[in-house]
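Accompanying notes for the structure given below.
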Number of protein chains: 2
Amino acid sequence: MYSQLKNIDIFKPLTNEALERLAAVSRQVEHPKGTILIHADKTEPYFYILENGIARAYSDGENQQITFWFGQNGAVLFSFNSYINNGPGYENIELLEHCSLIQIKLTDLFLLYDQHLEIANWGRKIAEQELIATERRLIDRAFKGAAERYQDFVDQSPELIKRVALKHIASYLGVTQVTLSRIRATHK
Amino acid sequence: MYSQLKNIDIFKPLTNEALERLAAVSRQVEHPKGTILIHADKTEPYFYILENGIARAYSDGENQQITFWFGQNGAVLFSFNSYINNGPGYENIELLEHCSLIQIKLTDLFLLYDQHLEIANWGRKIAEQELIATERRLIDRAFKGAAERYQDFVDQSPELIKRVALKHIASYLGVTQVTLSRIRATHK
DNA sequence: ATTATTTTTTAACATTTGTAAAATGTTGCC
DNA sequence: GGCAACATTTTACAAATGTTAAAAAATAAT
């Protein structure tokens, strides 16, 4: 396990000693495309790191499903509210392809946070990086039109454009699929 | 300083020992209404906790200014990108009233993060709470219309409605001031 | 108190985006 | 191949929001 974690970007800042502590509570899992790894309204007990494949987080509304996050190689994947407040979350996470993941039980991870300074700071940085990315998206929604957001997405996530259904990308960008189609028809 | 921090919500989970370590690097400051405490495009060296008063974070666009955050009693206040990546940020933070704040130098805080397990986890939780709040807002934008977002804001932040200019609230809610006026005219 | 300045509302019109439904394209399976 | 299921685009129309400008109201300054 240790030698496997070593190759994943998110673990690279860690010393060998910290990595071993994490490796001791990690195990590798694989799940087929279509698996719902995290369920809304449940307190989910696991934290994952995506080794291979892609996933999306979405919430269910009245008559729509909103995708608000995509994860690729190296992304951390967890129920925000289970992880942060130990309560049921609002998001589902679906694997869009066959995925291999590192799985860590949240109780094990929390124990390490309370015991190991370096791992606590590693967890702090994970939250901070997610935070800054999420706030950037909120601000981009205000400053950029839908067409520009689409273009940014194409530029910054060429893999996702190829591999993810446009209906998911549309809701991620904050528009309907019809609007996204119109944008694509115009800007090419 | 120690006895002062003790009364601020955000410090309450801490043990006396940790609180003393933080108190040792904290100092109280006051600034008048209108002060720009954090400047966009600058690496800001301080972290603040708002003791009294209200503040907003905003970014400047071509011909508009977008407010994307409000802080009240107990809020943490810092340049995201200075704090997280030690680089210049994108936000300005303006005090909307005369404010008293606790000021901590980021270099001092980072030193504590690297020395003190409890404080590292305290910092982790700060980022996590901001993260979950920010993501909730992003999702609310997708599921709720502008009128409902306004009503939620009125319900959840009655103080801000009273004390903050509507033009700032409009951009916080993701609409123009004209649209907010229309919503207010209809829903009363 | 009066004037000046800023904020908020209102109006008219333009634009964008949404909704619903049909048409077309794609994928996988037998 | 051909059918079924699903994804994407297109069309026509409706609704929501934006833009610009001006009036009204509120706030601050002298």
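A note on names: the letters A, B, ... follow the listed sequences, proteins ahead of strands, and every chain is numbered from 1. Atoms considered below: every heavy atom in the structure, side chains included; atoms not considered: hydrogens, waters and symmetry mates. Note that the structure is predicted; figures quoted are calculated from it, not measured.
- Atom pair Lys162(B):NZ and dA26(D):C1' shows a separation of 19 Å (rounding to whole Å applied).
- At dG18(D), one or more side-chain N or O atoms of Thr176(B) fall inside 4.0 Å of OP1 or OP2 (strictly under the cut-off).
- With rounding to whole Å, Glu148(A) atom CD is found 12 Å from dT17(C) atom P.
- Of the candidates dT7(C), dT8(D), dT19(D), the closest approach to any side-chain atom of Lys167(B) belongs to dT7(C).
- Residues Leu37(B) and Leu101(B) have side chains in contact (heavy-atom distance under 4.5 Å, counting atoms from C-beta outward).
- Rounded to whole angstrom, the span from the CD1 atom of Ile183(A) across to the P atom of dT16(C) amounts to 11 Å.
- With distances taken from any side-chain atom of Ala165(A) to the nucleotides dT7(C), dA7(D), dG18(D), the minimum falls on dA7(D).
- Neither side chain, Asn16(A) nor Glu20(A), offers a donor N or O lying under 3.5 Å from an acceptor on the other.
- Within a 6.0 Å sphere centred on NZ of Lys12(B), other residues, nucleotides and ligands contribute more than 12 heavy atoms.
- Atom CG in Leu173(B) sits about 12 Å away from atom P in dT17(D), given to the nearest Å.
- Remark: P of dT17(D) and CZ of Arg141(A) are 15 Å apart, rounded to the nearest angstrom.
- For Gln177(B), whose side chain is taken as the heavy atoms from C-beta onward, the closest listed nucleotide among dG18(D), dT9(C), dT10(D) is dT9(C).
- Under the 3.5 Å distance criterion, with hydrogens and angles disregarded, no donor-acceptor pair is assigned to the side chains of Gln64(B) and Ser171(B).
- Rounded to an integer number of Å, the gap from Leu166(B) CG to dT10(C) C1' is 15 Å.
- When the side-chain nitrogen and oxygen atoms of Thr179(B) are compared with OP1 and OP2 of dT17(D), none of them lie within a distance under 4.0 Å.
- Backbone-only contact: Val175(A) has heavy atoms under 4.0 Å from sugar-phosphate atoms and none from a base.
- A chain of hydrophobic side-chain contacts below 4.5 Å, direct or via other Ile, Leu, Val, Met, Phe, Trp or Tyr residues, connects Ile126(A) to Ile102(A).
- Atom C1' of nucleotide dT8(D) and atom CZ of Arg182(A) are separated by 13 Å, given to the nearest angstrom.
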Task: Test side chain to side chain contact (heavy atoms under 4.5 Å, CB included) applied to Glu51(B) and Gln4(B), step by step - done: CA-CA 10 Å; Glu51(B) 230 189 341; Gln4(B) 186 168 10; 2.8 Å; yes

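- Note on Arg184(B): a side-chain N or O is less than 4.0 Å away from OP1 or OP2 of dT9(C).
- Considering only side-chain N and O atoms, Ser181(A) lies nowhere under 4.0 angstrom from the phosphate OP1 or OP2 of dT8(D).
- The distance between atom OH of Tyr150(A) and atom C1' of dT9(D), rounded to the nearest whole Å, is 13 Å.
- Between the CH2 atom in Trp69(A) and the OH atom in Tyr58(A) there is a gap of 13.0 Å [rounded to 0.5 Å].
- Where the helix from dA1(C)-dT30(D) to dC30(C)-dG1(D) starts and where it ends, the local axes point in directions that differ by 40°; five pairs per end, rounded to 10°.
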